[in-house]
Amino acid sequence: MALRINPSILASDFANLQSELGRIANADLAHVDVMDNHFVPNLTLGFPVVERLQEVSPIPLDIHLMIDAPERWAPQYAELGAYSVTFHAEAVGRESDPVSVARSLRERGARAGLALRPGTDAEPFLELLPEFDMVLVMTVEPGFGGQSFMPETMPKLRTLSQAVRDSGLDVWLQVDGGINDDTIGIAAEAGATVFVAGSSVFGAENAGAQVDHLRELAAGHVHGHR
Ligand code: DX5
Ligand code: ZN
């Protein structure tokens, strides 16, 4: 099972996004947090900026949509060529549903990701796993970088990890929030395979070396059964 490190550019210098992407060229994907100030109480960047990031990034983009009614925008991020587009289960509007949004992403050639806030249970979504390429278990409340990892989300990750193993599907399990040298092993041990890290990577003097370091720490905690 490949382990992936996706640095979150939320913690990078927004005045120099292209050169910041260059600092993490050895990472797997660049994690881009799109926030709308409605689903979360913060506003970051949107479609025109991501369109340019897609053109200049040395690595593929992992889009994390923290926006209401993702059915309206998610397909467009897939169309611009994003490798992966993740939307929140809690944000899908009444006129749509997670499976329809996921299908609209896959039809456009992107991997489809489903994100769950810390308080959202995995159980109702287990039967939808065949429709998704990734599930994102938020390890902080979405909205801001630099928060502390919430270990109480690990039972949910274990449930999902077991369900993915039972299904035989190749669904990636992503964690996002408070991932650093001290916490990445906890998440890896519970079954995460894709690790988003913002402040831990971009706060390091050598961001690329920190990506490699995190990858090694995660690998040290993976059990043989995966
Ligand atoms: C938070 C974002 C995260 C954030 C993680 O809502 O989804 O991607 O950038 O930042 P750190 O790694 O600093 O917790
Ligand atoms: Zn994120």
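Counting starts at 1 for both ligands and their atoms, in listed order. The structure displayed is predicted, hence computed values, not measured ones.
Within ligand 1, the atoms closer than 4.0 Å to a non-hydrogen atom of Met66 are 6 (O), 7 (O), numbered from 1 in the order shown. When each atom of ligand 1 is checked for a heavy atom of His64 under 4.0 Å away, the hits are 7 (O). For ligand 1, the atoms sitting less than 4.0 Å from at least one non-hydrogen atom of His31 are 8 (O), numbered in the order shown with element in parentheses. Numbered from 1 in the order shown, with element, the atoms of ligand 1 that lie under 4.0 Å from a heavy atom of Ala197 read 12 (O). Close approach to Gly177 involves these atoms of ligand 1, each under 4.0 Å from a residue heavy atom: 14 (O).
At a 3.5 angstrom cut-off on N or O pairs, Glu141 does not count as close to ligand 1.
Judged by distance alone, the side chains of Gln210 and Ser200 do bring a donor and an acceptor atom under 3.5 Å apart.
Salt-bridge check for Arg4 with Asp62: failed, with every basic side-chain N at 4.0 Å or more from each acidic carboxylate O. Between Glu95 and Arg72, no side-chain nitrogen of the basic residue sits less than 4.0 Å from a carboxylate oxygen of the acidic one, so the salt-bridge criterion is not met.
The aromatic rings of Phe87 and Phe132 are tilted relative to each other, their planes meeting at an angle between 30° and 60°.
Taking 4.0 Å as the cut-off, Gly146 counts as a neighbour of ligand 1 on heavy-atom distance. Note on ligand 1: Ala11 sits outside its first shell, no heavy atom being nearer than 4.0 Å.
For the pair Met66 and Asp33, the tightest heavy-atom approach, listed with the atom from each and the gap, is CE-OD1, 3.1 Å. Considering every non-hydrogen atom in both Phe144 and Pro41, the closest pair reads CZ-O, 3.4 Å. Considering every non-hydrogen atom in both Glu141 and Gln147, the closest pair reads O-NE2, 2.8 Å.
Looking only at its N/O/S atoms, Asp33 has OD1 as the one nearest to the Zn ion (ligand 2). Nearest to the Zn ion (ligand 2), among the N, O or S atoms that Asp176 has, is OD2. Looking at His64 and the Zn ion (ligand 2) together, the shortest N, O or S contact belongs to ND1.
Looking from atom 12 (O) of ligand 1 to the surrounding protein, the closest heavy atom is Gly198 N, 2.7 Å. Distance from atom 9 (O) of ligand 1 to its nearest protein heavy atom, with residue and atom name: Ser8 OG, 2.8 Å. For atom 1 (C) of ligand 1, the closest heavy atom belonging to the protein is Phe144 O, 3.5 Å. Considering only non-hydrogen protein atoms, atom 5 (C) of ligand 1 sits nearest to Asp176 OD1, 3.5 Å. Nearest to atom 10 (O) of ligand 1 among the protein's heavy atoms is Gly145 CA, 3.6 Å.
Here the CZ-CD distance, from Arg23 to Glu205, works out to 9.0 Å after rounding to the nearest 0.5 Å.
If you look at Ser199 next to ligand 1, the close heavy atoms, those under 4.0 Å, come from the backbone and the side chain alike.
Compare Pro142, Ala115, Gly143, Gly178 by their heavy atoms: the one nearest to atom 14 (O) of ligand 1 is in Gly178.
The side-chain heavy atoms of Leu21 and Ile9, taken from C-beta on, include a pair separated by under 4.5 Å.
A cation-pi arrangement is not found for Arg215 relative to Phe195, the charged atom failing to lie both closer than 6.0 Å to the ring centre and inside a 45° cone about the ring normal.
Asn42 contributes a side-chain N or O that, together with a main-chain N or O of Gly143, makes up a donor-acceptor pair within less than 3.5 Å.
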